[in-house]
Amino acid sequence: NAGVTQTPKFQVLKTGQSMTLQCAQDMNHEYMSWYRQDPGMGLRLIHYSVGAGITDQGEVPNGYNVSRSTTEDFPLRLLSAAPSQTSVYFCATRLRAETYEQYFGPGTRLTVT
Amino acid sequence: GQQVMQIPQYQHVQEGEDFTTYCNSSTTLSNIQWYKQRPGGHPVFLIQLVKSGEVKKQKRLTFQFGEAKKNSSLHITATQTTDVGTYFCAGGYGNKLVFGAGTILRVKS
């Protein structure tokens, strides 16, 4: 039972490049989400999904795309990386959309030069 | 939109001293959650409070939810070096969870 896994752990991109951050969970949770964490700003919600085939925008969605074709996977795509997207990205899941406890993945540290 | 304010931003304490972090919302919360993030790690769920005036304890940690369900606090008694990290509150507004900015706790031994 791996919980929530994220790949890669670290990534360096050049401005304008695109990439996909992977998130997978084996807990059969309906709700999955992506956060970015920047110093002094806490955790800000990028996108979330309440179930397979359903996604919605969070607080800071610009520059990111998501899809949810299966219960287990929730990839985050950066379309054209910008230095402002340098951050630590966490995937988080919870049983359902109601606010149960969230389980966070180990994070991806992204640097955009 | 909903916002959760958390203070202080930083706290340095001597080992053995107490520590408290506070969270405040301008609107009523459906619940509040607390998380701890060790340096270099990911947030880990500590507890959820749901009822007005609720108080819960986990060993040296005491969590309170205000009577009006707009504020909450986390108090650590007699801090230890293992308590270092960032403590986040997360306010529940229906299905939406909004995180405070966190309080960074440093413990001097």
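Throughout, a chain's letter reflects where its sequence line sits, starting with A, and its residues are numbered from 1.
A donor-acceptor pair shorter than 3.5 Å can be found between the side chains of Gln33(B) and Gln48(B). Between Tyr103(A) and Glu101(A), the side chains place a donor N or O and an acceptor N or O closer than 3.5 Å (distance only, hydrogens not considered).
Taking the ring axis of Tyr31(A) as reference, the NZ or CZ atom of Arg96(A) does not stay both within 45° of it and closer than 6.0 Å to the ring centre.
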Tabulate below the donor-acceptor pairs under 3.5 Å that side-chain atoms of residues 45-53 of chain A make, not counting sequence neighbours, or state none.
residue: His47(A); atom: ND1; partner: Asp56(A); partner atom: O; Å: 3.4
residue: His47(A); atom: NE2; partner: Tyr64(A); partner atom: O; Å: 3.1
residue: Tyr48(A); atom: OH; partner: Asp56(A); partner atom: OD2; Å: 3.4
residue: Ser49(A); atom: OG; partner: Gly51(A); partner atom: N; Å: 3.3
residue: Ser49(A); atom: OG; partner: Gly51(A); partner atom: O; Å: 2.9
residue: Ser49(A); atom: OG; partner: Ile54(A); partner atom: O; Å: 2.5
residue: Ser49(A); atom: OG; partner: Arg68(A); partner atom: NH1; Å: 2.7

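Residues Phe104(A) and Phe45(B) keep their aromatic ring centres 6.0 Å or farther apart. Outside the 6.0 Å centre-distance limit, the rings of Phe63(B) and His75(B) are not counted as a close aromatic pair.
Only the side chain of Tyr35(B) has a heavy atom closer than 4.5 Å to any heavy atom of chain A. Only the side chain of Gln37(A) comes within contact range of chain B, with at least one heavy atom under 4.5 Å from a heavy atom of that chain.
Proximity of a side-chain donor or acceptor of Gln2(B) to a complementary backbone N or O of Thr27(B) within less than 3.5 Å is not detected.
Taking chain A as the reference chain and counting heavy-atom pairs below 4.5 Å, the highest number among Gln37(B), Lys96(B), Gln6(B) is found for Gln37(B).
Residue-level contacts of residues 97-109 of chain B with chain A, in order of numbering, are Leu97(B), Phe99(B), Gly100(B), Ala101(B); threshold 4.5 Å between heavy atoms.
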